[in-house]
Visitor: 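Below is the structure I would like to discuss, written out as structure tokens.
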Amino acid sequence: MTTVRLTLPDGSHREVPRGGTARQVAESIGPGLARAALAARVNGEIRDLDRPIDSDASLAILTERDSEALELLRHSSAHVLATAVRELFPNAGIGFGPPIEDGFYYDFQVDRPFTPEDLERLEAKMAEVAARDFPFVREVVDRLEARRRFADDPLKLERIAELGDHETITVYTDGPFVDLCRGPHIPRTGRLKHFKLLHAAGAYWRGDEKRQMLQRIYGTAWFKKEDLDAYLHRLEEARKRDHRVLGKQLDLFSIQEVVGPGLIFWHPKGAMVKWLLTRAVEDDNLRSGYDLVYTPNITREELFKISGHLPLYEANQYPAMAAGHEEAEDVRYRVKPMNCPMHALIYKGQQRSYRDLPVRLSEVANVYRNERSGVLHGLLRVRGLSMDDAHIFCTPDQVEDEIFLCLDQVDRLVRQTFGFELDFEVSTRPPERLGDEATWDRAEVTLQRALERKNIPFRIDAGGGAFYGPKIDIKFRDSIGRLWQGPTIQLDFNLPDRFELEYTGPDNKPHRPAMIHRALYGTLERFTGNLIEHFAGAFPVWLAPEQVRVIPISDAQAEASGQLADRLKQAGFRVHVDARNETLNYRIREGEVHKVPYMAVIGQREAESDSLALRVRGAGKKQEVMTVDAFVERLGQEVRSRSMVP
RNA sequence: GCUGACGUAGCUCAAUUGGCAGAGCAGCUGAUUUGUAAUCAGCAGGUUAGGGGUUCGAUUCCCCUCGUCAGCUCCA
């Protein structure tokens, strides 16, 4: 009898008969490991514990301590969910059921959508399936057999038809349920103990909105009860930092039903944050060699025909408006969804020499996009956007340097200033696009090479580019982990053609410039929303709408408090006095709840000594008494350096 | 846009099988003059998102519209 030699992670070796399993190895090491074993990593590939091993290999036994095991648990949980669904809804069609971050989902084709009561029943049924401790059994089948087994399930048949001829088709059985699945799985359903079904929602089959809508059930699963509880608690906590909740509590912004969804009212405090952010980016732009421009909010729609926005972007634009009084009736206007055509016109307005390039035009501009109603989301997805937009016109061989400049700005203004972790993605050509293939090839390569030269890791989002060019997208996470695109750097070799932009080269001949669209924050709306969640509403002092709240202990210090506030205002700080007829405790609490960075408490001692008792946000009772001059010095330093305090 | 859930005072939430719409906070008035996270009392606050229907009677049941939330699709 032949054996295979297995190398364990500690470098030791085990021999098992050819066709032996990882489970046997685990058993030979010890009963504890045998009980804990969930799967195996064989030559780097995760496999079922009971899958035979046919040749010498490296082998690691996976237990719940391995992160891969959690993914397996969730994938198996999805199968258990499907098992439960088939028990209660025998006719349900079975779609996809993958593990996802923190959980899993499964898509079903059912006669009616799932109700919250259905989810309760399904959860109970899942517990039952888990308790019966069915083994997950892997089986290799040929195409004919696969078709036969899933003959009554068109969704599965569609997937079988897509599998290549050389691909191994496997099915997994747990108790009464059989699924077409690549695996691997945990050994038995009994390992599933701590799970919860979270919600149901519609989801298009194959992610295609032209196809039928299936019903998706989301759930979460963990090895330990503490982990499940901690996760559910984390979801609750996240709700508290939701920018829509904080926006109301801190009176930053509102959205008014009479005016319409996706249109933001910036209240005084939110407007201050937005203004400070705008100043910061304009400041950086001017220092980085950009010029500032302002362009119209509406235009004859001819402009968007030239640019190609019509008809390619028309679904996202507001419909045309009738002509002004003195113009012919067939002249129609559009509100602008983007600034690029406007900036292209400024470029085109004069003869440009290669000596003038790059021309960098920046504008924090309001644009309006008719986003579909279901996608709107607080500040993170709106219809009226303030873009910190800019367009760079340069020679083709300046492109890479200009992209470096943009990446440096993003690093300085976004990563360093706010401590955001950045997540880079290159989005390539979409199905609906302008321009020829060679141009797209060149543009996509340019972007990737720029990131590689900067040693910035990135992912590829195939087909995610704009209609006029590929882009580097940079994403943020919101309070519950959803990704939102912030900064974007987009290459465009198409608009220069459509507007026939030119510069005169050293050869005294006309050349076509390249064009880069770029936004550092993305939009002020989305960026501010992300910032609110990032700081949980507690802005660093340079960004806080109210930096200092002066609190007299009693009426006797009201005048001294007013004078202190005036001095601080003269020094350029944002200050309010809270001399309301309330207890000191009440006013301190208000200041903390409203997340004011500093409270300056003025009692008799302070009033007499030109000093203040400083209470720092979040630091509790620990107060510091200092002179007014010392405080002004400290505050000024913190604001100038945009330091992340308190 | 699609699927589902939801919409009660400025905010957070109650209201039994369809039977007079309520509380806390915020607001206003008064008392209190406070040394670091909610002083006390009184007053006021509503076309129950909007419209239609069923009913003796609708916050409650049905239909339509608008909006919000979650997900899908789309996107900064």
Side-chain angles (χ1 to χ4, degrees), chain A residues 105 107 112-116 118-119 198-218 239 242 244-245 248-249 251 254-258 260-262 313 315-316 337-338 367 369-382 385-389 427 430 464 466 471 473-476 480 482 484-488 490 517 519-527 529-530 551-558 579 581-593 599 601-606 613-623 625:
Chain A
Y105 69 76
D107 290 342
R112 61 165 179 84
F114 296 112
T115 63
D118 289 336
L119 292 195
L198 297 173
H199 54 267
Y204 298 108
W205 171 234
R206 312 309 294 262
D208 183 347
E209 66 178 321
K210 293 187 184 65
R211 305 197 63 174
Q212 62 198 301
M213 183 162 263
L214 306 181
Q215 294 302 317
R216 175 172 298 180
I217 297 176
Y218 285 88
R239 178 68 192 153
D242 187 313
R244 293 163 300 183
V245 173
K248 210 173 264 179
Q249 278 170 10
D251 196 23
S254 66
I255 297 165
Q256 310 275 344
E257 194 172 329
V258 275
Y313 199 72
N316 276 303
M338 291 185 189
V367 301
R369 299 180 180 178
N370 194 4
E371 300 288 344
R372 299 207 278 178
S373 60
V375 305
L376 300 174
H377 186 95
L379 291 178
L380 300 185
R381 186 76 180 269
V382 295
L385 305 60
S386 317
M387 300 192 71
D388 70 305
D389 208 0
S427 300
K471 47 185 189 163
D473 287 333
I474 299 166
K475 305 198 171 189
F476 304 123
I480 62 169
R482 289 175 295 209
W484 297 89
Q485 184 182 319
T488 182
Q490 315 186 346
H517 311 234
L520 304 180
Y521 295 141
T523 65
L524 271 303
E525 283 74 18
R526 180 173 289 177
F527 193 75
N530 278 125
I551 303 180
I553 284 178
S554 77
D555 286 351
Q557 295 87 40
N581 180 14
E582 298 287 353
T583 60
L584 178 65
N585 275 340
Y586 179 89
R587 287 174 291 155
I588 294 284
R589 179 169 194 279
E590 283 268 290
E592 289 284 349
V593 167
M599 281 181 266
V601 178
I602 306 300
Q604 195 184 341
R605 293 197 295 272
E606 289 76 18
L614 184 69
R615 182 182 167 115
V616 179
R617 179 182 64 205
K621 268 188 187 162
K622 204 172 52 185
Q623 50 173 313
V625 178

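The sequence lines fix the lettering, A, B, ..., with proteins before strands; numbering per chain opens at 1. Everything numeric in this text was worked out from a predicted model, so none of it was measured.
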Visitor: A:Leu119 has an atom CG; how far is it from atom P of B:rA5, in whole Å?
Guide: 11 Å

Visitor: Do the side-chain N or O atoms of A:Tyr586 get closer than 4.0 angstrom to the phosphate oxygens (OP1, OP2) of B:rC25?
Guide: no

Visitor: Assess, by modelled atom type and distance only, whether the side chains of A:Arg206 and A:Tyr204 contain a donor and an acceptor separated by less than 3.5 Å.
Guide: no

Visitor: Do the side-chain N or O atoms of A:Arg482 get closer than 4.0 angstrom to the phosphate oxygens (OP1, OP2) of B:rA70?
Guide: yes

Visitor: Test for a donor-acceptor pair under 3.5 Å between the base of B:rC74 and the side chain of A:Arg381, counting only N and O atoms.
Guide: yes

Visitor: Classify the side chain of A:Arg587 versus the base of B:rU34 as yes if they form a donor-acceptor pair under 3.5 Å and no if they do not.
Guide: no

Visitor: In terms of the nearest nucleotide of RNA chain B, which residue is placed more toward the 5' end: A:Ala203 or A:Glu590?
Guide: A:Glu590

Visitor: Any chance you could measure A:Glu525, atom CD, to A:Leu385, atom CG, to the nearest 0.5 Å?
Guide: 6.0 Å

Visitor: OP1 or OP2 of B:rA70 versus the side-chain N and O atoms of A:Arg216: is any pair under 4.0 Å?
Guide: no

Visitor: Drop me the distance from A:Leu379's CG to A:Leu524's CG, to the nearest 0.5 angstrom.
Guide: 10.5 Å

Visitor: Could you summarise the pairing of RNA chain B as dot-bracket text, marking Watson-Crick and G-U pairs under 3.5 Å with ( ) or [ ] inside the strand and | across strands?
Guide: (((((((..((((.....[..)))).(((((.......))))).....(((((..]....))))))))))))....

Visitor: Once you apply a heavy-atom cut-off of 4.0 Å, does A:Met387 come out as touching a base, just sugar-phosphate, or nothing?
Guide: nothing

Visitor: Does a nitrogen or oxygen in the side chain of A:His377 sit under 4.0 Å from OP1 or OP2 of B:rC75?
Guide: no

Visitor: Is there, by distance only and without an angle test, a donor paired with an acceptor across the side chain of A:Tyr204 and the base of B:rG71 below 3.5 Å?
Guide: no

Visitor: Here's a test of your reading of the structure: between A:Pro487 and A:Ile588, which maps to the more 5' nucleotide of RNA chain B?
Guide: A:Ile588

Visitor: Would you say a side-chain N or O of A:Asn585 is under 4.0 Å from OP1 or OP2 of B:rA38?
Guide: yes

Visitor: Side-chain N or O of A:Arg206 less than 4.0 angstrom from OP1 or OP2 on B:rU73?
Guide: no

Visitor: Would you kindly check whether a donor in the side chain of A:Asp555 faces an acceptor in the base of B:rU33, or vice versa, at under 3.5 angstrom?
Guide: yes

Visitor: With sequence neighbours left out, write down each residue that passes side-chain contact (heavy atoms from CB on, under 4.5 Å) with A:Asp389, or none if nothing qualifies.
Guide: A:Asn339, A:Met387, A:His391

Visitor: Checking all strands, does A:Ala315 fall into the base, sugar-phosphate, or nothing category for heavy-atom contacts under 4.0 angstrom?
Guide: nothing

Visitor: Does a side-chain N or O from A:Ser554 land closer than 4.0 Å to OP1 or OP2 of B:rU33, or not?
Guide: no

Visitor: In whole Å, what is the span from the CD atom of A:Gln212 to the C1' atom of B:rU3?
Guide: 13 Å

Visitor: Between the side-chain atoms of A:Gln485 and the base atoms of B:rA76, is any donor-acceptor pair under 3.5 Å?
Guide: no

Visitor: Looking at B:rA70, I'd like to know if its phosphate oxygens (OP1 or OP2) sit under 4.0 Å from a side-chain N or O belonging to A:Arg244.
Guide: yes

Visitor: How long is the line joining CZ of A:Arg372 and C1' of B:rC2, in whole Å?
Guide: 8 Å

Visitor: State whether the distance check finds a donor on one side and an acceptor on the other, under 3.5 Å, for side chain A:Arg615 versus base B:rA37.
Guide: yes

Visitor: Please check the phosphate of B:rA76 (OP1 and OP2 only) for any side-chain N or O of A:Thr488 closer than 4.0 Å.
Guide: no

Visitor: Is the phosphate of B:rG10, meaning OP1 or OP2, less than 4.0 Å from a side-chain N or O of A:Lys248?
Guide: no

Visitor: Just to be sure I understand the rule, does A:Lys471 reach a base, reach only the sugar-phosphate, or reach nothing, if contact means heavy atoms closer than 4.0 Å?
Guide: sugar-phosphate

Visitor: Quick one: label A:Tyr218 by what it contacts on the DNA or RNA (base, sugar-phosphate, nothing), any heavy atom closer than 4.0 Å.
Guide: sugar-phosphate

Visitor: From A:Leu614 CG over to A:Met599 CE, what is the distance, rounded to the nearest 0.5 angstrom?
Guide: 9.5 Å

Visitor: Does A:Glu606 contact B:rG35 through a side-chain donor or acceptor facing the base, at a distance under 3.5 Å?
Guide: yes

Visitor: Quick one: pull up OG1 in A:Thr488 and NE2 in A:His517 and give me the separation to the nearest 0.5 Å.
Guide: 9.5 Å

Visitor: Using a cut-off of 4.0 Å on non-hydrogen atoms, how would the nucleic acid contact of A:Val382 be classed: base, sugar-phosphate, or nothing?
Guide: base

